[in-house]
Amino acid sequence: MASKPPTGDPVQDAPQVAEPKHAAAGLPAIGHTLRIAQQQMGVRRTALTLLRVNQKDGFDCPGCAWPEPEHRHTAEFCENGAKAVAEEATLRRVTPEFFAAHSVADLATRSGYWLGQQGRLTHPMYLPEGGEHYEPVTWERAFDIIAEEITALGSPDEAVFYTSGRTSNEAAFLYQLFARELGTNNLPDCSNMCHESSGSALSETLGVGKGSVLLEDLHKADLIIVAGQNPGTNHPRMLSALEKAKANGAQIISVNPLPEAGLERFKNPQTPQGMLKGAALTDLFLQIRIGGDQALFRLLNKLVLQTEGAVDEEFVHEHTHGFEEFAEAARAADWEETLTATGLTREEIEKALDMVLASERTIVCWAMGLTQHKHAVPTIREVVNFLLLRGNIGRPGAGVCPVRGHSNVQGDRTMGIFERPAPAFLDALEKEFGFAPPRRHGFDVVRAIRALRDGEAKVFFAMGGNFVSASPDTEVTEAAMRRARLTVHVSTKLNRSHTITGARALILPTLGRTERDVQSGGEQFVTVEDSMGMVHASRGRLAPASPHLLSEPAIVCRLARRVLGAGSRVPWEEFEKDYAAIRDRIARVVPGFEDFNARVTGSAGRPGGFALPHAPRDERRFPTATGKANFTAAPVEYPELPLGRLLLQTLRSHDQYNTTIYGLDDRYRGIRNGRRVVLVHPEDARALNVADGSYVDLVGEWKDGVERRAPGFRVVHYPTARGCAAAYYPETNVLVPLDATADTSNTPASKSVVVRLEQSAAD
Ligand SMILES: Nc1nc2c(c(=O)[nH]1)N[C@H]1C(S)=C(S)[C@@H](COP(=O)(O)OP(=O)(O)OC[C@H]3O[C@@H](n4cnc5c(=O)[nH]c(N)nc54)[C@H](O)[C@@H]3O)O[C@H]1N2
Ligand SMILES: Nc1nc2c(c(=O)[nH]1)N[C@H]1C(S)=C(S)[C@@H](COP(=O)(O)OP(=O)(O)OC[C@H]3O[C@@H](n4cnc5c(=O)[nH]c(N)nc54)[C@H](O)[C@@H]3O)O[C@H]1N2
Ligand SMILES: [Mo]
């Protein structure tokens, strides 16, 4: 039997703190996973479901975007993937009776954890203007309401269509098609808050905004640098790849303000040796100050340039542009400034240089620790400079590896979910469907919030996600949402975004990855693209959480038919009936998807799927403005830290998936039973006079002078880099100013927030 959801709230947040761990995974991880899974699903369903994750005829793990090895054991699942599955396949239900018992005002006082624990949404629900409770509504009426509000707009650009990264290729393609036939490019997505900085930096320098390595490249590398990423928690299956790379002789440098357990040692639960002892992963740990990465790579580049024979002259000459200007900037890199920016020692940087020079094949992996800073784009460009110098792009065992978050966030972009679509993509849509898509750029996440705040956007529609909690500047974002005429969420689970609504609101419940999707044309499957550009099928097997759910593609098709009417050029009915018809169109519009249906279903469909073409990786061809790989030379930046302040990064605990909270523990960091903790170096804590165990308010300081306060955080003395602090998101999103974003990519700078600590009133 599955257990009942918690009833009381706020759930008692009373953090207990022990020593952080030095290894990830292993037996306790599996025990812990099964406990969480069985609470949600019961024993039988747990066994049935977990066996299907990432199998050839099963569903794609909704956990993360890390790719699948070609041969995998039946029981190979990771702890956090299993938690993501259990969260979706839970037996708990949120029914119309639940909404009758809880007003929206009541739900708005609940924690995100409590909301998520209530279970799966079962019926479409409607909150009428002035209403206090959501009421059940038919699908027809729900689409009528949306059509009414969209038709009343002065322009289609007053509607915003958000996407989170679990949406399948098929649903994403239809969704952008609907928005564009309606007449807007307002397609913000979670990528805007995630790897947008990677996309911006990579498309400018390499011509493709995606990673250039495949899984097998990791196994062949001599050196893997993992910067700004915590794979032990967020991409646990990556640890197996790092273990294999090590076994093949690779060295690993980890660059991080925190000593993350997963990168220290990996206890592979799949092998007996791994379980006992575990493999040490990191050979060199560079405990960098927050935001110091650009300075670090710049200095390494200078040192490489100064080393006789270290530059791959032939590659630079043949394939790159802008070398001289870059080299001049790099030569000006200064040791003193770099030591200040990074907090590292000269010896550490020299040790790193030796490893760099000894490596013939180098890969740099990164995630949010690099992308969510004001200078994120120049930082990632500097990583590209670093790889170009030694010809580490476009050959086996080398390249750029931005490790994506949501399981299909990369695929959604490939399908056209983007507020600034390439003209070639729009041309292809126009040719295929015969309507003229809008060419004006749309709103990204931050601009969408401003538009809602300023009354320029009036309808907000979300395909998944939890916009209100994931977005920065919580108070500003919530006020912006409340100004909307209509807010609509296509969701599997209850979350805070359902409680902070426009004048009218709808919740449209949908099928999850694990569930069987039957349409009038028969049983359907969908496809996804992983972090390395591999496309494969995903087929759910469980009975849907409720008979009233519609799939995401069906929701878009019915919505489009209702809103666009007979004038639409798109055969929506045909698409809803059989998703193969959608894939046929994708094959004609999106390069790399030729013969899509045959390749993804036929005998050619390997378990890992098929690889999308990637010109820099496959043929050292760089589709940039110059036709070459571009070196770039930006001034070195790093965050300024006023005296008596700390630089706060907002990150994930081990028991959460973004805004979905699985539990209150962060096991590897030694924290239990609470999330309102702030990790501070003991020396900094002493200087600031905050004892371990005392309670403080985190107070943001930003140039607009507005006070942003997150109250009541327990101080934890923790071995982070000096001057730096860490606390969990989404609780700390109140501190991230809407206007504090990365240059070029406009990604919220949620990894470098200047804060002061104030003794909490109640302490
Ligand atoms: N279980 C689980 N899996 C997930 C997610 C989840 O929430 N839970 N989220 C998914 C999503 S959408 C994403 S985008 C990924 C996120 O994956 P990660 O990027 O690993 O997630 P974060 O917890 O934000 O961790 C950021 C890491 O960067 C480090 N860091 C912070 N600032 C800096 C810096 O200035 N320089 C350097 N070098 N390091 C820095 C932090 O100490 C931390 O180790 O994970 C995906 N997978
Ligand atoms: N301060 C701070 N803010 C951040 C970050 C940070 O590191 N620090 N990270 C940013 C990043 S990297 C990201 S990606 C964003 C995440 O932003 P989002 O993607 O918007 O947020 P999630 O928490 O992943 O969304 C969870 C919700 O998705 C719904 N859901 C789950 N599965 C499905 C499905 O299959 N279909 C549908 N329709 N709905 C589903 C459920 O209702 C659930 O409540 O947050 C960003 N915000
Ligand atoms: Mo993400």
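Numbering of residues begins at 1 and proceeds along the displayed sequence. Order of listing sets the numbers, starting from 1, for every ligand and every atom in it.
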Interfacing atoms of ligand 1 (cut-off 4.0 Å, heavy-atom, [X]):
| X | answer |
| --- | --- |
| I290 | 35 (O) |
| H235 | 15 (C), 17 (O), 45 (O), 46 (C) |
| H406 | 12 (S) |
| L258 | 42 (O) |
| Q229 | 20 (O), 27 (C), 28 (O), 44 (O) |
| C194 | 14 (S) |
| E260 | 42 (O), 43 (C), 44 (O) |
| K751 | 24 (O), 26 (C), 31 (C) |

With a cut-off of 4.0 Å, which atoms of ligand 2 are near a heavy atom of [X]?
| X | value |
| --- | --- |
| C190 | 14 (S), 19 (O) |
| V490 | 37 (C), 38 (N), 39 (N) |
| K493 | 41 (C), 42 (O), 44 (O) |
| E552 | 34 (C), 36 (N), 37 (C), 38 (N) |
| N495 | 27 (C), 42 (O), 43 (C), 44 (O) |
| S491 | 39 (N), 42 (O) |

Would [X] count as being in polar contact with ligand 1, using the rule that some N or O on each side must be under 3.5 angstrom apart?
| X | answer |
| --- | --- |
| Y662 | no |
| D293 | yes |
| Q372 | no |

Heavy-atom distances under 4.0 Å decide this one: backbone, side chain, both or neither, for [X] against ligand 1?
| X | answer |
| --- | --- |
| I288 | side chain |
| K83 | neither |
| Q649 | side chain |
| N80 | side chain |

Exercise for review: Return the set of residues passing salt bridge (Lys or Arg N to Asp or Glu O under 4.0 Å) with R289 (not counting sequence neighbours), or none when no residue passes.
Suggested key: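 Here no residue qualifies.
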
If you measure every N/O of [X] against every N/O of ligand 2, is any gap under 3.5 Å?
| X | result |
| --- | --- |
| Y729 | yes |
| R166 | yes |
| M368 | no |
| H498 | no |
| A470 | yes |
| M463 | no |

Between [X] and [Y], do the side chains contain an N or O donor and an N or O acceptor separated by less than 3.5 Å?
| X | Y | value |
| --- | --- | --- |
| T514 | E88 | yes |
| T659 | N466 | yes |
| S407 | W66 | no |
| Q372 | S750 | yes |
| D473 | N733 | no |
| T414 | K210 | yes |

What's the shortest distance from [atom] to any protein heavy atom, and which residue and atom give it?
| atom | result |
| --- | --- |
| atom 7 (O) of ligand 1 | N658 N, 2.7 Å |
| atom 33 (C) of ligand 1 | G369 O, 3.3 Å |
| atom 8 (N) of ligand 1 | Q656 O, 2.7 Å |
| atom 2 (C) of ligand 1 | N234 OD1, 3.4 Å |

Hey, is [X] touching ligand 2 through its side chain, its backbone, both or neither, going by heavy atoms under 4.0 Å?
| X | result |
| --- | --- |
| S750 | side chain |
| R513 | neither |
| T510 | side chain |

Review point. H654 near ligand 1, heavy-atom distance under 4.0 Å?
Key: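 False for this residue.
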
Ion pair present between [X] and [Y], side-chain N to carboxylate O less than 4.0 angstrom?
| X | Y | result |
| --- | --- | --- |
| R667 | D655 | no |
| R676 | E731 | no |
| E260 | R669 | yes |

Consider ligand 2: state whether an atom of it lies below 4.0 angstrom from any non-hydrogen atom of [X].
| X | answer |
| --- | --- |
| H195 | no |
| T732 | no |
| L651 | no |

Practice item. Would you sort out whether Y668 and T233 count as a side chain to side chain contact (heavy atoms under 4.5 Å, CB included), showing the intermediate values? Key: CA-CA 9 Å; Y668 296 151; T233 285; 4.0 Å; yes

Quick one: does any side-chain atom of [X] pair with a main-chain N or O of [Y] as donor and acceptor, under 3.5 Å?
| X | Y | value |
| --- | --- | --- |
| T650 | A727 | no |
| Y729 | Q649 | no |
| K493 | E87 | yes |
| E552 | L511 | no |
| N192 | D444 | no |

Check your understanding: So, for F161 and F460, is the gap between ring centers shorter than 6.0 Å?
Key ->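 No, the ring of F161 stays outside the 6.0 Å limit from the ring of F460, centre to centre.
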
Practice item. Taking the six-membered ring for Trp and the full ring for Phe, Tyr or His, determine whether the centres of H123 and F98 are under 6.0 Å apart. Key: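 Between H123 and F98, the centre distance exceeds or equals 6.0 Å.
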
Practice item. Measure from atom 28 (O) of ligand 1 to every heavy atom in P402, G228, P231 and give the option owning the shortest one. Key: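 Checking each option, the heavy atom nearest atom 28 (O) of ligand 1 is found in G228.
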
Check your understanding: Which heavy atom in L651 sits nearest to a heavy atom in Q656, and how many Å separate them?
Key ->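 Here L651 and Q656 meet closest at O-OE1, 4.2 Å.
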
